[in-house]
Structures are given as structure tokens and as C-alpha cells.
Amino acid sequence: MTNNQKVRVRFAPSPTGGLHLGGVRTVLYNYLFARHHGGDFVLRIEDTDQSRFVAGAEEYILQCLHWCGIQPDESPEKPGAYGPYRQSERKAGYAQYAKQLVAQGNAYIAFDTTEELEEMRNKYKTEHHNAQYDSRTRGYMRNSLTLAKEETEALLAAGTPHVVRIKMPVNETVIFKDMIRGEVSFDTNLVDDKVLLKADGMPTYHLAVVVDDYLMKITHAFRGEEWLPSAPVHLLLWQYMGWEAEMPQWAHLPLILKPDGNGKLSKRDGDRLGFPVFAMDWTDPRTMEQTIGFKERGFLPEAFVNLLAMLGWNPGLEQELFSIDELVQYFSIERVHHGGAKFDYEKAKWFNQQYIQKADNARLAELVRPFIADKEVSIADDKLATIIGLVKERIHLLSEFWEQASFFFVRPETIDTAALQPKWNDTIKSFFVSLTQKLSAENEWNQESIEAIFNETVAAAGIKKGEAMLPLRVMLVGGKFGPGVFIIAEQIGKDETVARIEKAISIL
RNA sequence: GGCGUGUUGGUCAAUCGGUUAAGACGCCUCCCUUUCACGGAGGAAUGACGGGUUCGACUCCCGUACAUGCUACCA
């Protein structure tokens, strides 16, 4: 790219299912880079594989980006000047470029059937070398290089299924500079003649990515490390098309690995280890299989973005909590790690907890609604906000709200009597009986007044405050947890407080 | 198998030839809190291995090991 060109980056998912953590991180790095340099972020849909098309996947991806607060500047829904934004809508164009490459001698037409390819691989495979369609084997195959010109034309005229393959040069070294890894080089003899145009007329990723990036004036191309081995094909294509001067700078991002063992993090690992891998809930329309997302597990989008940003990138500061605007400010591709990072769900939850603590109670109340929708209680917004303020420092996920706060809304079904029994005797029992009487007679009802009555009653009964505090908590809450016991009493109200104490006395 | 890429505590990681090798998560101890949590203080725990280069290597080079990715008319 030329220096004064406007930065343009793209995220190019194929709409085949749920949006993976690693995908979101790739989006994020694209977005941060674009914003940092005042450039554009483009969403392009790579739907060239018709057999893998999944209905609804494109909309789903949009929703995930929206939830994360990442809006593309251009997308299928919001076209800019470089459309179309779906590869399937460019079908005719790709064929032209493929034709040009064939005419130039940089590509050729191949008629081999699946069976013939299979046969070739078995035949030429050795212990030391995997057989591939390349300079060593293409001479034995049925293609426009081995067939007479008339024969090829006759086959074409007869409508014989065929693909277009790149003709990888012999004895060349392709070198390029990756923004993250520095100089990377490949021996062209070891790269196979990748299919460029499929028999159905659709381009493969290899052709499409080059053509689209060129047409869409992409200046920086970020993608996962798994693409590195095919980079020489793309480099050569840029060269053969005569677009070398406009080729984007490449950056191959490290992988996100599974927490245990090694290898790429997959949806299966999440299922197995009990954490989400997709950004949002995804239901496969074919199998109806449902997969949980970070959103529905109770993550805040800003926490999700923050934790993903830190997985493979680090600004070199001690600060760990960054708003998306701060990330934009600090982000630099040079500080992206080379090696893959294992995903740590515990740390992810810590990030979320930090953001929950910082978040506004009214907003949290709104966000927590879906998590209590199935509970048969109706709670006013302000009441919910107040209670969230009381319990938010002890939850890591929004989904944990109910287990930490249900006693504010419904009487505990059971109480931890085991925690009470050792302290239970006639003295303490009569203390609680007299406490309920005094509480019932009280007109003012707030945590100060409740505590004052409690103190009086304790003194009158001649017991220590500590002996009665825990029992009171267990009676109201059901267990040994939760915020201050008097504020709980205030919130649940006088009648309910008295009722819970009386019920506890009756069963002890 | 071949090729590519990678390797600092259990995990995320700072360091860009000279530090007692930061910090965070998790774990442990203590304090705070008459519960739990939050918060605070402290602790255990790290440069894969072997060679170079250098006055001096976590840092640069080479080799080995290990890991991982690719090796489809999938992306």
C-alpha cells in the first residue's frame, strides 16, 4: 500500500454457524487498528461454499458485532462504495480473473475427477512426502497443460466439469513481511497448485480473498495463523494480477488455545469444560442444537471485549481494564504476540466481575431481567436496582444474580438449620420471640431502627450480639451469605422479617 | 512424513543485551467484616534443552526437543 492511503481493513467470516471467540478477537483487532489509524472497517461475507451455507448465520454475526459495540463502516446491510459485500454476488467477476490468469499462463484448467485425484495422491504418496497437485504431479493429470489445445477446447465445449488451478512456479522463494512475525519465506516447490475456481463456478477462498481485497481497496489484512501456509499463493496472485503495488500488508494472528492440553479452542472444549465459546447463543437451524454464548452466560459486552483484547495483545502497561476507546488509543499490531494463548475462563470471569462492580445499578437491573424472567416475581425497576447494588460485588456473571439475591424476593425454601442447631437453646429462642414482638410493634422501618431494636433486645436478654447475628441471618437468608443482615430486613419489610423469624422458631 | 509458526510461573504476561525477571488471574496465609463477598497485606511459583556471539544473555545466532497450524473443488 502507499503511505498516504486511507487505512481499510476487513473481517471476512463465512456464515456457517456461531461466532467463535477467536473470530470476535479478529474483528476486534481489525476494528481497533482501523479506528486507531482513522480508517474504515469493512464486513465482508465469504459465502462461496454453497454446501456450507447456514440460514441466519449472517444476521447472527451482525448481532454479535452489535452486542460487542463494534459497528462496521461498510457491510452487506450498509454498503459503501466498494460493494457488493457478499462474495456470492461477485460470482461472474471471479471467473473473468481466473480466465485472465489462464490466458497469462499463471493458471490452468483441470478436468480431474475426485476419484482421479484420490488415485494420484495414493500413487505418488511416499513415506517422506505427501502427494499433492504440484509441479511434480500435474504432468500426469488431465489438464490444459497435458492435453492438446483442441482436446481442452472440446472438453470445455462439451461442458465437462473443470476447475482452474494456480500454476505454482518451480524453484522460487516467496518472501513477505508479516506485521507481527517479520519476514516469512516459502519454497514454491512445496506449495500445491491450489484450486482457484471451483467446478460450480465459485471461487475458492484463495482467489476471492485476493480479488476482493483488491477491489475493496483493503490496506491491511489480518487473519488467523492457520492461513500462513497458503500466504504464498495469495502473494503470487497479487503479483500475477499486476496489483502488487496495492497489496495489503499482512498480519497473521496467533490462535486461541484450549485451557487444558493444547490445540485450537473449539466449541467442543467449551461444552466439555463448561464455558461459552460463541459470542452469543447460537441455534443450528439444521440440527436445532443450541450453544450458549457469552452474552447469555451473563457477560457484559465491554468485559468480553476487554478480555479478548488482552488475549494475545498487551500495551505494556500495568493497567488491565480498558474501555474500547482506550483500546483504540493504545492498540498497535506490533504488540500482538507471536504465540497462541490458552483461554482462561477464571480470568474471563474476573474481568466480568470488575465491570459488574463498576456498572451503574439501573443498567445492571435492565441487563439482569432476562436472567430472572422465569422466576415468578414481579419487581419494580428501582427495587431491582437497589438490590443489585447490594449484591453485585459478589457475582461474577449476571446469571449468578438470582442465587445471590433470591431471598430478597421469595422466602427461602429451606434454611441451613445445621448452622443454627449448635447455637440454639432456650435463651436464644426466647430472645427471638421477644425480638419478633418488638419488631412487630415498630413503626419506623429501616436498617438503623432495626439494628437499634436488635441491640436493645440483646441487652435485655443478657446475651452477646454475636450469638444472635448469625441465627438471624440464616433465618432471613437461608444460609451464611449475603449483604448486611439489617439492610436485608429493611428490604424485605417488617411483616416478612417477622414471619421468617417465626417460621424458623417453629421448625427448630 | 513435509512445510510453516511458536516456546518467560498452573494461566495471561512485562522485559526490546546489564532489573532482586514487573503486574494480573488462580492458589495459600493474615487483616477487615459478628455471614459471604469486596477491599488490604504477605507468600509459594517462571526464562524447554544444548551450543555459540558478547565484558555481559530471557533478550542475538545455530541445533535439539516439544507444541501447534497447514498439507480439500472448507474457510
Side-chain angles (χ1 to χ4, degrees), chain A residues 12-16 46-49 51-52 110 112-114 117-118 121 125-134 161-165 178 180-181 184-187 189-192 194-206 208-209 223-232 252 254-255 257 259-264 307 310-321 334-335 337-351 353 357 391-396 404 416 419 464-474 477 479-485 488:
Chain A
S14 42
T16 52
E46 306 226 333
D47 55 350
T48 53
D49 187 357
S51 66
R52 295 216 306 170
D112 316 277
T113 62
T114 311
L117 289 171
E118 177 89 359
R121 292 196 179 100
K125 184 169 64 184
T126 69
E127 251 182 273
H128 308 289
H129 207 274
N130 227 357
Q132 45 182 23
Y133 210 120
D134 59 16
H162 61 277
V163 300
V164 175
R165 286 179 181 272
D178 186 276
I180 296 173
R181 291 153 210 282
V184 189
S185 67
F186 297 87
D187 179 348
N189 293 336
L190 273 8
V191 182
D192 64 331
K194 288 265 186 313
V195 169
L196 265 21
L197 203 67
K198 298 185 264 193
D200 65 2
M202 280 289 196
T204 59
Y205 171 83
H206 307 293
V209 73
R223 62 190 358 178
E225 192 186 347
E226 67 268 29
W227 289 108
L228 208 40
S230 57
H252 291 89
L255 270 15
L257 278 14
D260 58 339
N262 293 296
K264 266 204 284 194
L307 73 92
M310 305 308 285
L311 206 57
W313 171 81
N314 186 292
L317 308 168
E318 292 216 346
Q319 184 182 344
E320 284 196 281
L321 267 17
E334 291 79 16
R335 290 194 69 93
H337 285 256
H338 299 190
K342 288 185 182 177
F343 179 67
D344 181 355
Y345 189 52
E346 292 305 317
K347 181 94 187 222
K349 285 197 291 189
W350 175 82
F351 272 105
Q353 180 200 39
Q357 283 195 54
V391 302
K392 69 179 182 181
E393 64 202 19
R394 61 205 85 206
I395 63 175
H396 290 79
Q404 285 297 329
D416 184 0
K464 280 184 286 189
K465 199 177 173 185
E467 290 178 72
M469 285 286 276
L470 186 72
L472 177 60
R473 164 175 300 284
V474 175
V477 172
K480 294 192 282 184
F481 63 96
V485 69
I488 293 172

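Protein chains get the first letters and strands the later ones, always in sequence-line order, with residue 1 at the start of each. FYI, side chains are in, hydrogens and waters are out, and symmetry mates aren't considered; it's all heavy atoms of this structure. Predicted, not measured: the structure shown is a model, and the values here were computed from it.
In terms of phosphate contacts, A:Q353 brings a side-chain nitrogen or oxygen within less than 4.0 Å of OP1 or OP2 of B:rC38. Taking side-chain N and O atoms only, A:R335 has no distance below 4.0 Å to OP1 or OP2 of B:rA13. Within the structure, every side-chain polar atom (N or O) of A:K342 is placed at least 4.0 Å from both OP1 and OP2 of B:rU7. Residue A:K194 places no side-chain N or O under 4.0 Å from the OP1 or OP2 atom of B:rU71. Not one side-chain nitrogen or oxygen of A:R52 sits closer than 4.0 Å to the OP1 or OP2 atom of B:rA72.
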With a 3.5 Å cut-off and sequence neighbours excluded, list the donor-acceptor pairs that the side chains of residues 464-473 of chain A form with protein atoms.
residue: A:K465; atom: NZ; partner: A:E451; partner atom: OE2; Å: 2.9
residue: A:K465; atom: NZ; partner: A:N455; partner atom: OD1; Å: 3.4
residue: A:E467; atom: OE2; partner: A:K464; partner atom: N; Å: 3.1
residue: A:R473; atom: NH1; partner: A:F481; partner atom: O; Å: 2.7
residue: A:R473; atom: NH1; partner: A:G482; partner atom: O; Å: 3.4
residue: A:R473; atom: NH1; partner: A:P483; partner atom: O; Å: 3.1
residue: A:R473; atom: NH2; partner: A:P483; partner atom: O; Å: 2.9

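Between A:R52 and A:D49 there is a salt bridge, since a side-chain N of the basic residue sits under 4.0 Å from a carboxylate O of the acidic one. Using a 4.0 Å cut-off between charged side-chain N and carboxylate O, A:K264 and A:E225 make no salt bridge.
In this structure, A:K347 and A:Q404 both approach RNA chain B, and ranking their closest nucleotides by distance from the 5' end singles out A:K347. When the nearest nucleotides of RNA chain B are assigned to A:L257 and A:H338 by heavy-atom distance, the more 5′-ward of the two goes with A:H338.
Rounded to a whole angstrom, the distance from the P atom of B:rG63 to that of B:rG2 is 15 Å. Nucleotides B:rU19 and B:rG47 place their C1' atoms 14 Å apart, quoted to the nearest Å. Only the C1' atoms considered, B:rG42 is 24 Å distant from B:rU8, to the nearest whole Å.
Here the nucleotide nearest the side chain of A:L255, chosen from B:rG4, B:rA14, B:rU68, is B:rU68.
Nucleic acid contact class of A:H252 (heavy atoms, under 4.0 Å, all strands): none. Contacts of A:V209 with the nucleic acid, taken as non-hydrogen atoms under 4.0 Å apart, are absent.
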Using a 3.5 Å limit on both pairing distances, list the dot-bracket string of RNA chain B from the 5' end; Watson-Crick and G-U wobble pairs count, crossing pairs take [ ], interstrand pairs take |. (((((((..(((.....[....))).(((((.......)))))....(((((..]....))))))))))))....

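The neighbour count for A:E118 CD, taken as heavy atoms of other residues, nucleotides or ligands under 6.0 Å away, does not exceed 12.
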